[in-house]
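Below, chains carry the letters A, B, ... as their sequence lines are ordered, and counting in each starts from 1.
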Protein chains: 2
Amino acid sequence: MARKDSELTGVKEIARRANVSIGTVDRVIHNRKGVSKKTKDKINAIIKELDYQPNIFARRLASKKQLVFAILIPKVSQETNYWEAPLLGIEQAGAEISPYGITVQPYLYEVNDKKSFLEQVARIDLDQVQGVLLAPSFIEESAHFIKALESKKIPYVFINSDIPGYNSLSYFGPDLYQSGYLSAHLMKYLVKRKEKVLIINISQEIDDQHHLSRKEQGFRNYFKDHKIESPILKIDIQQTDYAHVSKALGQILRKEPVAAIFVTNSRVSTVAKYLKKTKDTQPILIGFDYTKENLVFLKEGIIDFLICQKPREQGYKGLMALYQFVLHSRTGEKNNFMPIDIITSENCDFYIN
Amino acid sequence: MARKDSELTGVKEIARRANVSIGTVDRVIHNRKGVSKKTKDKINAIIKELDYQPNIFARRLASKKQLVFAILIPKVSQETNYWEAPLLGIEQAGAEISPYGITVQPYLYEVNDKKSFLEQVARIDLDQVQGVLLAPSFIEESAHFIKALESKKIPYVFINSDIPGYNSLSYFGPDLYQSGYLSAHLMKYLVKRKEKVLIINISQEIDDQHHLSRKEQGFRNYFKDHKIESPILKIDIQQTDYAHVSKALGQILRKEPVAAIFVTNSRVSTVAKYLKKTKDTQPILIGFDYTKENLVFLKEGIIDFLICQKPREQGYKGLMALYQFVLHSRTGEKNNFMPIDIITSENCDFYIN
DNA sequence: CTGAAAGCGCTTACAG
DNA sequence: CTGAAAGCGCTTACAG
């Protein structure tokens, strides 16, 4: 039995109401050119009126082309295996969405190397990419790339650190300020009144905008807010290799013995390595991330606390957010702050990224 | 231009090779009857040889029927809002997979009421259901239901507690034994040598197979393994209302003052309520779950530690596992133990289910 | 037990 | 600027 006209669904019903062919409807839906403003407006009105939701099965079946998501994050380096976890999460999400015709293409840069970041960016062909998941480690270089994405209307998601003020789809990672603030809260329990505390930033890139600075601010503000009298020293080390770090540490620690040290990133293991070699009384040591190197020192008792923020989940959820948006136009929360997990030698064996 | 025969894909290629129609191929793929063994075997061999993966877009487009997943979990009760979290996770997953033609039907039973469990089970029409997500609170009653599922070949996933020995697709929840074990580890730091510790089970159903017993075993075994000399008392309270619990507590605590109490489930708030009213020295109190009631007592310092195991994630991941299996024949890990999070008044505001 | 045909709701050339 | 038709890879009656 033939369907009544009024029961048509989808493009056919739209076409019928607009008195055009489904081809024209398709053109309007995809914002392709070659449609008069008049018919375009008419069709759009009907789409709105019907609250038309395209059938994704039909769409993906008819259009054989794959969607490509580019992943721009650091590669695992000799210094740290931190970036293994996000990649695992991304791979899992990638496997789950691959049946929907999505291909994930990783572009991995050296974590300390702006040039390598730019090289990877150059390799991405934006005409072949429908979404980007990135860790914007280098702020200026990222800004440039993001402009290109926005002009092509390619959606992008930040993980691990964000750059406020951009129109990213969403962000999955720590609340940097808050994680510094919580570290200070922990610190409060561990140092006595007026004992000195040292903040260490170890990174090639350190400036006021930078991610590490936001953690430092959180840390300092906790001390301010709670009127803690311990003086805060601070040192920036812009060469990340052990030789440089140990030299810088030696200089300051010989002059200024401190009760506790707060390292603003995963490089805490480098500091631990130095402390282990000195026989002085060991200061309390707090740092970031569940890396292989850090775990060793945590279990040895050199590192006291690690703050960790679900790196694996950042990758997984970040990619899923991209998928939800590109395939289903579904947007979730913009800022997704990971829980601030406190890892000690006692609970580290149970930790799940 | 006509395609070369060898380029056919999917059912058409299978049909060509087997010298049958695609209708017959479809029958074999779906194990429908009415195909001679001979052709069936031939087709199955070809499917295997080609490693044929059905195109889910085409499948879902052609077959207009919805898939239904039944959710069988407790409803939020007056006594505890624990089950709110899993339901939220389930709803989120449900929203994400609804574009794929999946409908989620909740069947919520009273957490303390076997009859209500059976009533909900009776409401589920197994001929209309393609998967089940359940919290098997009542062991015998669940066993019966599971048998029905297995005879109909309906896949099912456990959350929150499992029943070992069944052929569930997977389990998302605590490692019950381990969470008892970790609780004891915590306890070790908090009680002095030879001080008494009290274990409290509050539940209508308590027996050797039961979930609570497995936590208790873990707890006891930690003490054994580590030769901790504190004597362990234990009490089972099978009426969960405050009147009964407080009476039972009064009886034992008047006779036997204890340094610490371990409540094996979320009912710890009932114990806290009692302790708050007595003016005796307060024992250390450890229990389970991030419920509204428990949080109040945690912040007041009556409850010292809450063990929490991501109830929201259990629901989300459980439903996703069902979806992955039913739509993509993808199976993950069978046992998915949630991390054992330790919540204190210090970090409770940062906790994410 | 098996086949031939229609149709699911889109996209993609191609024709005008 | 627009339309008509073929086709994506399945499932679903229906016919025999």
Peer 1: Below the 4.0 Å mark, does dC1(C) have OP1 or OP2 next to a side-chain nitrogen or oxygen of T39(B)?
Peer 2: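 T39(B) to dC1(C) OP1/OP2: no side-chain N or O under 4.0 Å.
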Peer 1: Can you tell me the distance, in whole Å, between the OH atom of Y100(B) and the P atom of dC8(C)?
Peer 2: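 About 22 Å, once rounded to whole Å.
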Peer 1: Compute whether any side-chain donor of one residue and acceptor of the other, for Y316(A) and E96(A), lie under 3.5 angstrom apart.
Peer 2: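 Looking only at side-chain atoms, E96(A) and Y316(A) do form a donor-acceptor pair, the distance falling under 3.5 Å.
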Peer 1: Quiz question: by atom type and distance under 3.5 Å, do the side chains of Q105(B) and Y107(B) form a donor-acceptor pair?
Peer 2: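 Short answer, yes.
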Peer 1: Which nucleotide wins on minimum distance to the side chain of L61(A), given the candidates dT2(D), dG9(C), dC10(D)?
Peer 2: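 The answer is dG9(C).
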Peer 1: Quick one: which of dT2(C), dC8(D), dC10(D) gets closest to the side chain of K12(B)?
Peer 2: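 In terms of side-chain proximity for K12(B), the closest of dT2(C), dC8(D), dC10(D) is dC8(D).
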Peer 1: Honestly, is R60(A) close enough over F57(B), meaning NZ or CZ under 6.0 Å from the six-membered ring centre and within 45° of the axis?
Peer 2: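 Yes, a cation-pi geometry holds between R60(A) and F57(B).
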Peer 1: What nucleic acid atoms does I22(A) come within less than 4.0 Å of, heavy atoms only: base, sugar-phosphate, or nothing?
Peer 2: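 Base contact - I22(A) has a heavy atom under 4.0 Å of at least one base atom.
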Peer 1: Between Y156(B) and Y166(B), does the ring centroid distance fall short of 6.0 Å?
Peer 2: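 Judged by ring-centre distance (under 6.0 Å), Y156(B) and Y166(B) do not meet the cut-off.
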Peer 1: From dC10(D), dC10(C), dA4(C), pick the nucleotide closest to the side chain of V11(A)?
Peer 2: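 In terms of side-chain proximity for V11(A), the closest of dC10(D), dC10(C), dA4(C) is dC10(C).
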Peer 1: Go through dC10(C), dC14(D), dA13(C) for me and flag the one nearest to the R27(B) side chain.
Peer 2: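 The nucleotide sitting nearest to the side chain is dC14(D).
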Peer 1: From CD1 of I56(A) over to P of dC8(D), roughly how many Å is that when rounded to an integer?
Peer 2: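 Checked: the CD1 to P distance equals 21 Å.
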Peer 1: Could you name each residue pair satisfying side chain to side chain donor-acceptor pair (under 3.5 Å) that touches residues 127-140 of chain A, not counting sequence neighbours?
Peer 2: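 Those involving residues 127-140 of chain A are Y109(A)-S137(A), D127(A)-K152(A).
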Peer 1: Applying a 4.0 Å non-hydrogen cut-off, can you work out what G10(B) is touching in the nucleic acid: base, sugar-phosphate, or nothing?
Peer 2: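 Counting heavy atoms under 4.0 Å across all strands, the contact made by G10(B) is with sugar-phosphate only.
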Peer 1: When you get a sec, tell me which of dG3(D), dC10(C), dG7(C) is the closest nucleotide to the side chain of A62(B)?
Peer 2: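 Ranking dG3(D), dC10(C), dG7(C) by closest atom to the A62(B) side chain puts dG7(C) first.
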Peer 1: Roughly, in whole Å, what's the span from CG in N55(B) to P in dC8(C)?
Peer 2: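 It works out to 18 Å between those atoms.
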Peer 1: Reading 5' to 3' and counting Watson-Crick or G-U wobble pairs with both distances under 3.5 Å, write the dot-bracket notation for DNA chain D, | for bases paired outside the strand.
Peer 2: |||.||||||||.|||
Peer 1: Should the pair R17(A)-E49(A) be classified as a salt bridge under the 4.0 Å nitrogen-to-oxygen rule?
Peer 2: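 Result for this pair is yes, salt bridge flagged.
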Peer 1: At less than 4.0 Å, is any side-chain N or O atom of S63(A) found next to OP1 or OP2 of dT12(C)? Yes or no.
Peer 2: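 Answer is yes, contact under 4.0 Å.
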Peer 1: Give the rounded distance in Å between these two atoms: CZ of F57(A) and P of dG7(D).
Peer 2: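 It works out to 24 Å between those atoms.
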Peer 1: Among dC10(C), dT12(C), dT2(C), which nucleotide has an atom closest to any side-chain atom of R32(A)?
Peer 2: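 Output: dT12(C).
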Peer 1: Are H144(A) and F117(A) close enough that their ring centers fall under 6.0 Å?
Peer 2: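 Judged by ring-centre distance (under 6.0 Å), H144(A) and F117(A) do not meet the cut-off.
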Peer 1: Does T24(B) make a side-chain N or O approach to OP1 or OP2 of dC1(C) shorter than 4.0 Å?
Peer 2: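 Answer is no, no contact under 4.0 Å.
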Peer 1: Checking E13(B) against Y52(B): is there a side-chain donor and acceptor pair closer than 3.5 Å?
Peer 2: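 Side chains of Y52(B) and E13(B): no pair found under 3.5 Å.
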Peer 1: Between dG3(C) atom C1' and R16(B) atom CZ, what is the distance in whole Å?
Peer 2: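 Interatomic distance, CZ of R16(B) to C1' of dG3(C): 18 Å.
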Peer 1: Looking at the base of dG9(C), is there any donor atom on it, or on the side chain of R60(A), that sits under 3.5 Å from an acceptor on the other one?
Peer 2: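 Counting by modelled atom types and ignoring angles, no donor-acceptor contact under 3.5 Å is found here.
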Peer 1: Where the side chain of K65(B) is defined as all heavy atoms beyond and including C-beta, which of dT12(D), dC10(C), dG3(C) is the nearest nucleotide?
Peer 2: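 Looking only at heavy atoms from C-beta outward on K65(B), the closest nucleotide is dT12(D).
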Peer 1: Closest to the Y52(B) side chain: dC10(C), dC10(D), dG3(D)?
Peer 2: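 Nearest to the side chain of Y52(B) among the choices is dC10(D).
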Peer 1: Measure the distance from CD1 on I47(A) to P on dC10(C) and round it to the nearest whole Å.
Peer 2: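 Computing the I47(A):CD1 to dC10(C):P distance gives 10 Å.
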Peer 1: How long is the line joining CZ of R59(A) and C1' of dG9(D), in whole Å?
Peer 2: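 Nearest whole value for this atom pair: 18 Å.
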Peer 1: If I take atom CG in residue L327(B) and atom C1' in nucleotide dC10(D), what distance separates them, rounded to the nearest angstrom?
Peer 2: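 Rounding to the nearest Å, CG of L327(B) and C1' of dC10(D) are 14 Å apart.
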